[in-house]
There are 2 protein chains.
Amino acid sequence: MMRRTTEVTMGDIARMAGVSESTVSRALAGSSLVAAKTRQRISEIARNANFSINEQARNLALKQTRTIEVIFPIERGTLQQVSDPFFVDMLAVLTDELGKHGYDVLMSRSPPWDEDRPGCAFLGARADGVIFVGQGRHRSDIRDFARKHGKVVVWGAVSPGDDYCVVGSDNVGGARMATTHMLQLGRKRIAFLGDTDLPEMRQRFEGYCDALKAHDLPIDESLVIHTPFDIEKAREVSQPFVELFPRFDGIFACSDMIAIAAIANLRQAGIKVPEDVSVVGFDDIPSSAHVSPSITTVHQRIHRAGMLMVERLMGILEGGAPEPVVIETELIVRQSCGAH
Amino acid sequence: MMRRTTEVTMGDIARMAGVSESTVSRALAGSSLVAAKTRQRISEIARNANFSINEQARNLALKQTRTIEVIFPIERGTLQQVSDPFFVDMLAVLTDELGKHGYDVLMSRSPPWDEDRPGCAFLGARADGVIFVGQGRHRSDIRDFARKHGKVVVWGAVSPGDDYCVVGSDNVGGARMATTHMLQLGRKRIAFLGDTDLPEMRQRFEGYCDALKAHDLPIDESLVIHTPFDIEKAREVSQPFVELFPRFDGIFACSDMIAIAAIANLRQAGIKVPEDVSVVGFDDIPSSAHVSPSITTVHQRIHRAGMLMVERLMGILEGGAPEPVVIETELIVRQSCGAH
DNA sequence: TTCAATTTTGCAAGCGCTTGCATTTTTATG
DNA sequence: CATAAAAATGCAAGCGCTTGCAAAATTGAA
């Protein structure tokens, strides 16, 4: 293992090349201000000397960070439990899209507002902008943060009052489609599995209610199950729920992971999916097409979402004030709903 | 949406408070060098003025970055396709553990060696250290990088010749266990699904071969299927493979995602798991316990892995040269192997 | 050969923050 | 009240890089 070679700076290179630091800077930046020959020579020297530019200094001088902070507002300590592939995909898209614009992604463990540095009354500004992937239970924190810092885009439930830029799926519409689909298949008693404390899930709940109302069906509170995102917990929570069968013949799950957990419990109880119970999920995570039964679900256009968020953030960085966007969703019919 | 308020600096705060910049700096850092009263007053002013410290400048002065670069060496452009929950979990653990040590995580789109800045002959040093999650097809790149930059830890296949610090699961042992398990269940013709070009998969292949040899069974090349990680592609690749049935009665899959894809194809072809074919995966991703049949798999201790990597990286940053670690794996018996 | 026009290079200030050391203020003691 | 010791503050020099502007070197034409 190699020991840290004491960092070589531009000054060093300058000395080696017998030119000034500014010439090195320009040469390495490919400026046409420095003679092509010199530029080459300097590049060469820099390479041999194993020079790495100090991005911090560079960015300080340039007054930029070229970094965007991406925050997954997941309860602290729970992060370990995420595993919802939705998040990876989103992160992947964001990383890619931001990369295209020359930005790096900084993931920090904790949201900027719960800085815990002792006696520290200020937020750290380490990025040119922030993307929140999901509002979680932190709406008001995010709002405050956005008011103070401006350069913010959030993924989540889009609602009229927002004074910051939100990009999100059409949760209401998606859930309505999903529920309606089951109703049209003749199911009458459809359960809702999700955590309505989260704004997006709240919207999905609305869509679910809409669909029921449109079919003149009542909302049976005992079939609205507060189910967390985490698959292990979802499994536990849906355990007692399945015992309610046959009081329900359909399930709208707020995420594919929840659907998977629920189906596992149903099978375990000897209840057949989709014969006895029709199940529709949300997200369209990659494995939903490959599990058995494959899961009918509401597709979220994650790639498009990531692109739009980045695009909007860039707009904000340039001084604009882009509008929020609602992204349409699509029902992907597979086996779990029983539509053949 | 708020417009960018022109950044307020320490100088501004100093002026407002009628003290020098250095006092502000110390006050905000909670130094006992400045009178408690003054400290409070300054904090107050800073808060009201909505001051954010410029971490870049701070870090420059402090000669640190407090940032670790985490790289998932996934082919460029493919990133979108990851979705393997293994990665999220790893990322989550790393983010958490590094956070505990006061480090942020920088995810960059591309590995440091394929910087594409025009005319740029140098690497950007933007982090105090680098963690590679997987060596992928980039072993030699990583080795070069490690030689030059030192502060590197990689997750992947641990092998004797490494001159950098590697942390990895006992792939050989895990695969051997998995395969042996099926052999003990009476299976004779076990297929291998994975991409042996990747060092870790190569090791798993070794373990697989070991087990077969120990049982005096030949290695049937036609049952060694080059299967990529991506679930969609895995599904495609294993499609023609299942038609070989009944030439095989067991499958060792290099990841749970591959196992899930293979099982989907088997079922589609009317082949029963585990009755007709016994399947064992690798990783123990969260959903493997909840799909049907639940997947017997080799558990990777991701949390421990993340902790160890961070611990080792910290060691390196302090000038040490920690040893590589092999982390033992564990066979989790569920339904897909047919062991009841 | 001379001088203006051009091309290359270097100087020095500045990015926003930290910190060693000197200076000033406060406190305690004789 | 003087004075030494202790506490609080400020000065100024960095951290490694960029860049406007001035200076030096080169070129070309007269």
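Side-chain atoms are counted along with the backbone in the values below, which use heavy atoms only and exclude waters and symmetry mates. Since we're looking at a predicted model, the values are computed, not measured.
In this structure, CG of N59(B) is placed 21 Å from P of dG14(D), rounded to the nearest angstrom. If you measure from atom NZ of K63(B) to atom P of dC17(D), you get 11 Å, rounded to the nearest angstrom. The distance from atom CZ of R15(B) to atom P of dG16(C) is 11 Å, rounded to the nearest whole Å. The distance between atom CG of L60(A) and atom P of dT18(C), rounded to the nearest whole Å, is 12 Å. Atom CZ of R39(B) is separated from atom P of dA7(D) by 13 Å (rounded to the nearest Å). Per the geometry, CD1 belonging to I42(A) stands 13 Å off P belonging to dT8(C), to the nearest Å.
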Report all interatomic pairs (protein N or O, nucleotide N or O of nucleotides 19-22 of chain D) with separations under 3.5 Å.
| residue | atom | partner | partner atom | Å |
| --- | --- | --- | --- | --- |
| dG20(D) | O6 | R26(A) | NH1 | 3.4 |

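Looking at residues two or more places apart in sequence or on another chain, you find no salt bridge (charged side-chain N to carboxylate O under 4.0 Å, His left out) involving R304(A).
Side-chain contact, T23(A) with S20(A): a donor N or O sits under 3.5 Å from an acceptor N or O.
The existence of a salt bridge linking D128(A) and K63(A) is excluded, since no basic side-chain nitrogen approaches an acidic carboxylate oxygen closer than 4.0 Å. Ion pairing between a basic and an acidic side chain is recognised when a charged N comes within 4.0 Å of a carboxylate O; R41(B) and E44(B) show no such pairing. Checked for salt-bridge contact, R147(B) and D163(B) meet the test: a charged N lies under 4.0 Å from a carboxylate O. Salt-bridge annotation for D144(A) and R139(A): absent, with no side-chain N of the basic residue lying under 4.0 Å from a carboxylate O of the acidic one.
No more than 12 heavy atoms of other residues, nucleotides or ligands lie within 6.0 Å of CD in Q40(B), so this atom counts as exposed by the packing criterion.
For the pair T38(B) and dT9(D), the criterion of a side-chain N or O lying under 4.0 Å from OP1 or OP2 is met.
You'll find that the side chain of A35(A) is closest to dT9(C), out of dT9(C), dC15(C), dC17(D). The side chain of F51(B) lies closest to dC17(C) when the candidates are dC17(C), dC15(C), dC17(D).
Side chain of R66(A) to main chain of H101(A): a donor-acceptor pair is present (N/O by atom type, distance under 3.5 Å, no hydrogens or angles).
The C1' atoms of five pairs define one axis at each end of the helix from dT1(C)-dA30(D) to dG30(C)-dC1(D), and these two axes lie 50° apart (to 10°).
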